[in-house]
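Each ligand, and each atom within it, is numbered from 1 in the order the structure gives.
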Amino acid sequence: MKEALQKDDFYKIINYAIKAPSGHNTQPWFFAIYENSIIITPNFERSLPAVDPNNRELFISLGCAVENLCIAANHYGYESQTDINSEWKITVTLNKNSEIIPDTLFEQISIRQTNRLLYNGNSIYQSILDDVIIASQTDSVKIQVFERNSPTFDILKNLVLEGNSQQLNNENFKQELISWIRYNKKDT
Ligand SMILES: Cc1cc2nc3c(=O)[nH]c(=O)nc-3n(C[C@H](O)[C@H](O)[C@H](O)COP(=O)(O)O)c2cc1C
């Protein structure tokens with residue numbers, strides 16, 4: 001009975017993990033449920049050789065899925081410990097813990113989405129920027145902000161523009177992107 005309930009929880013947790021963003025929405029992951037763990041492995045059949053030849057973005061996508069998984073596990077009362085081995089097998093060990101602290105990020109998983117609308121041009125409030133910077137200060141992650149029209153901002157802007165036009169002039173990039181686009185059914 002306990003095993004069945006736990007398996008049910010693990011399915012629910014994976015349902016949140018797969019809401020993670022991924023490059024071209026390829027969702028390049030496999031999940032496997034074990035007694036006290038969920039194992040995530042890369043699906044290299046969904047790699048993007050043109051835009052991501054070193055699988056860098058594929059692994060960022062897996063990282064996003066693992067992060068969602070741990071946040072959802074926390075919501076269902078499991079503490080998680082993550083390990084990765086040299087064959088890219090990511091093991092998230094889950095143990096019930098009655099003293100778990102709720103994480104407000106859980107509510108965001110279902111409403112987060114990539115926004116491709118035009119920006120309205122407003123600056124982000126400094127207080128929000130400060131919160132993001134403080135929240136992301138860890139030993140391995142640093143977020144740096146660049147003020148609009150500052151010399152560094154302009155250098156970066158021009159590099160991004162150049163990168164975008166190089167991609168859009170690259171036939172392999174375009175074909176790969178098109179192959180991953182799914183269209184809504186047209187009303188007839
Ligand atoms: C590693 C990574 C790279 C991405 N690169 C781009 C990008 O260059 N341009 C873009 O418009 N979206 C990019 N995205 C967003 C994905 O296209 C988006 O997450 C995916 O289509 C799923 O949509 P959702 O985020 O709304 O769930 C990227 C996402 C990830 C995780």
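- Counting heavy atoms from C-beta outward, Pro42 and Leu62 have side chains that approach closer than 4.5 Å.
- Counting heavy atoms closer than 4.0 Å to ligand 1, residue Ser22 contributes backbone atoms (N, CA, C, O) but none from C-beta onward.
- For atom 17 (O) of ligand 1, the candidate residues are Glu57, Arg116, Gln167, Lys19; the nearest heavy-atom contact is made by Arg116.
- Closest approach of Pro53 to Ala50, counting heavy atoms only: CD-O, 4.0 Å.
- Shown here for Trp29 and Ala20, the closest heavy-atom pair between the two residues is CH2-O, 3.7 Å.
- Here the protein heavy atom with the shortest distance to atom 27 (O) of ligand 1 is Arg112 NH2, 2.9 Å.
- Given atom 30 (C) of ligand 1, the protein heavy atom at minimum distance is Gly23 N, 3.6 Å.
- With a 4.5 Å cut-off on side-chain heavy atoms, Leu69 and Ser80 do not count as touching.
- Contacts between Thr114 and ligand 1, counted as non-hydrogen atom pairs separated by less than 4.0 Å, involve both the backbone and the side chain.
- Within ligand 1, counting atoms from 1 as listed, the ones closer than 4.0 Å to a heavy atom of Gln113 are 26 (O).
- Of all atoms in ligand 1, numbered sequentially from 1 with element shown, those under 4.0 Å from a heavy atom of Ile60 are 1 (C).
- Ligand-side atoms of ligand 1 in range of Ser61: 31 (C), range being under 4.0 angstrom from any heavy atom.
- When only non-hydrogen protein atoms are considered, atom 19 (O) of ligand 1 lies nearest to Pro21 CB, 3.1 Å.
- Contact annotation: the side chain of Tyr34 never approaches that of Ile38 to less than 4.5 Å [non-hydrogen atoms, C-beta and beyond].
- Considering Tyr16, Tyr76, Phe31, Tyr78 as possible partners of Phe10, the one that fulfils the ring pair (Phe, Tyr, Trp, His ring centres under 6.0 Å) test is Tyr78.
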